[in-house]
Amino acid sequence: MAVRESVEIDLDRVDRLIQEQEAELEPRHRASIEYRKNAELHVAGGVASSWQDAPPHAIFIDRGDGSRIWDIDGNEYIDYHLGYGAMVVGHAHPAIVEAIQRQASRGTHFAQPTRDLDVIGENLADRFSLPLWRFCNSGTEATLEAARLMRAKTGRDRLIKIEGTYHGHHDSLMFSVIPDPELMGPREHPVTVPQAPGIPQAFADLVRVVPFNDLAAARQAFEERPGEVAGMIVEPAMMNCGVVLPEPGYLQGLADLCHEFGAYLAFDEVKTGAALAYGGAVEAFGVVPDIVCLAKAMGGGTPCGAIGATEELFALVVGGEYDMAGTFNGNPLTMAATRATLTRVLTRDAYPALDRLHGLLHERLSAVIERHRLPAYVTGLGAKGSVIYSPTPVREYRDALGIDERITYLAWLFQQNGGVFKSPWSKQETWTLSVAHTDGDVQRYVENFETFARAVTT
Ligand SMILES: Cc1ncc(COP(=O)(O)O)c(C=O)c1O
């Protein structure tokens, strides 16, 4: 990244612009605001998931088609939220619709294996270079199984995770996701901060948190507890503070370190798998871990999840000592959509087009940043990317702490008002691209970004 002089953003002006942008948005969301009031009567908070509610208010969606969605007020948006990155296939893709409809007419659930399994298993083995797979219903379930499998195989209880990453909402790993700076302790030895009330301290005591992109810190964590660490889980490219890519050698270094200490390495590819590249981070960064956790993009918009691992690790499951189970695991609708996604939509041929669009966004957004001398830069890979509002590269969670969330919120508001839907809580401007996005869709994003850049700098 070229070092250049950037302007300082005036936060009073940002506050004023937020008020203006919110005032412009509110009348356009009357139906959403009203609907929520009714929903609130019998649905806690009026939304299905806490992360569907973010300032300025929850926005209820009516339908989607290709790269577009429409809210219940009738506003049309180009969708860069894509269901928190799950819809890399785009909305209502004909191949996915056809697969789901065909299966729905033949039965939606049996809790018995169906005939999509072999094709999906083979496809995932090819993509992620791990021989064996099992299926579940979410990213949370996939990482829960990964944590348990590493513990089961080693007979050890301790885990290592990265500060500032999210692996789902189970008690084994929901620590230091967005830790309160007051509680997070020194960088040399971060405190493991529970991300929600109700998580027992006993679980926190088993998890050591380390900064991303720092092999020495990971080594120190292993050396503190020789023979006690079952494994380490890492999001191979961090997606929670913008997209933070691994530095060369970091992921292979982690794999070697885990093995040196008799532990396992799990990649949480819930966001990166089938999104960064055909073979996710495994292919993009050329490192094969012991476990890969998948969800989101693989299922073409159905509730999905998968865990891939070595034969050695899966021996416990195959041998019947470890029941990796769930009523809806391998649900026929999910499997039909997953098969269509993997073999008909997100094939190898899909990725050069995603890379090209990413390149276009990257280049044009960087030009806007340059023109307006914003303290920011563009980062990402394949279908995922972000603008990071920092003049210097963010290598780990703590580097992003100085970024004022009002700036990212304002950027989000300008996109909303300009007809682009980005993830709520999009604190660091992360976007997802789909196979349905076009050059025109990219241009809309860039134009909104330029309007924002002009407004904050002049
Ligand atoms: C990296 C990562 N892992 C796990 C999860 C949890 O997945 P799910 O929401 O499907 O349970 C998420 C969700 O956003 C995620 O980003």
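Since we're looking at a predicted model, the values are computed, not measured. In what follows, residues are counted from 1 in the order of the sequence shown. Numbering of ligands and ligand atoms starts at 1, following listing order.
Of all protein heavy atoms, the one lying nearest to atom 4 (C) of ligand 1 is His167 C, 3.4 Å. Taking atom 11 (O) of ligand 1 as the reference point, the nearest protein heavy-atom neighbour is Thr140 OG1, 2.5 Å. Summary of contacts: the protein heavy atom closest to atom 8 (P) of ligand 1 is Gly139 N, 3.5 Å. Atom 14 (O) of ligand 1 has Lys296 NZ, 2.9 Å as its closest protein atom, hydrogens excluded (heavy atom only). The protein heavy-atom contact nearest to atom 3 (N) of ligand 1 is Asp268 OD2, 2.6 Å.
In terms of polar-atom proximity, Gly168 is not counted as a contact of ligand 1, lacking any N or O under 3.5 Å from an N or O of the ligand. In terms of N/O distances under 3.5 Å, ligand 1 is not approached by His169.
His189 and Glu224 share a donor-acceptor pair across their side chains, judged by distance under 3.5 Å alone. Checked by atom type, the side-chain pair Tyr84/Gln52 shows no donor-acceptor distance below 3.5 Å.
Listed by atom number, the atoms of ligand 1 under 4.0 Å from Glu235 heavy atoms are 1 (C). Close approach of ligand 1 to Ser138 is summarised as follows: ligand atoms under 4.0 Å from at least one heavy atom of the residue are 10 (O), 11 (O).
Side chains of Thr108 and Gln103 form no contact here, defined as non-hydrogen atoms less than 4.5 Å apart.
Using the six-membered ring where Trp is involved, His81 and Phe421 have ring planes that are parallel, under 30° apart on the 30 and 60° scheme. Taking the six-membered ring for Trp and thresholds of 30 and 60 degrees, Phe449 and Tyr389 have ring planes inclined between 30 and 60 degrees apart.
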Problem - Intermediate values then yes/no, side-chain contact (heavy atoms from CB on, under 4.5 Å), His437 and Leu82 - result: CA-CA 11 Å; His437 279 64; Leu82 290 174; 3.9 Å; yes
Can you give me every donor-acceptor pair (side chain of residues 58-69, partner residue at least two apart or in another chain, under 3.5 Å) with its distance?
residue	atom	partner	partner atom	Å
Ser67	OG	Asp441	OD2	2.8
Arg68	NH1	Glu76	OE2	3.0
Arg68	NH2	Asp441	OD1	2.7

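Taking 4.0 Å as the cut-off between side-chain N and carboxylate O, Arg395 and Glu247 count as a salt-bridged pair.
Residue Tyr84 does not touch ligand 1, judged by heavy-atom distances below 4.0 Å.
Using a non-hydrogen distance threshold of 4.0 Å, Lys271 registers as a contact of ligand 1.
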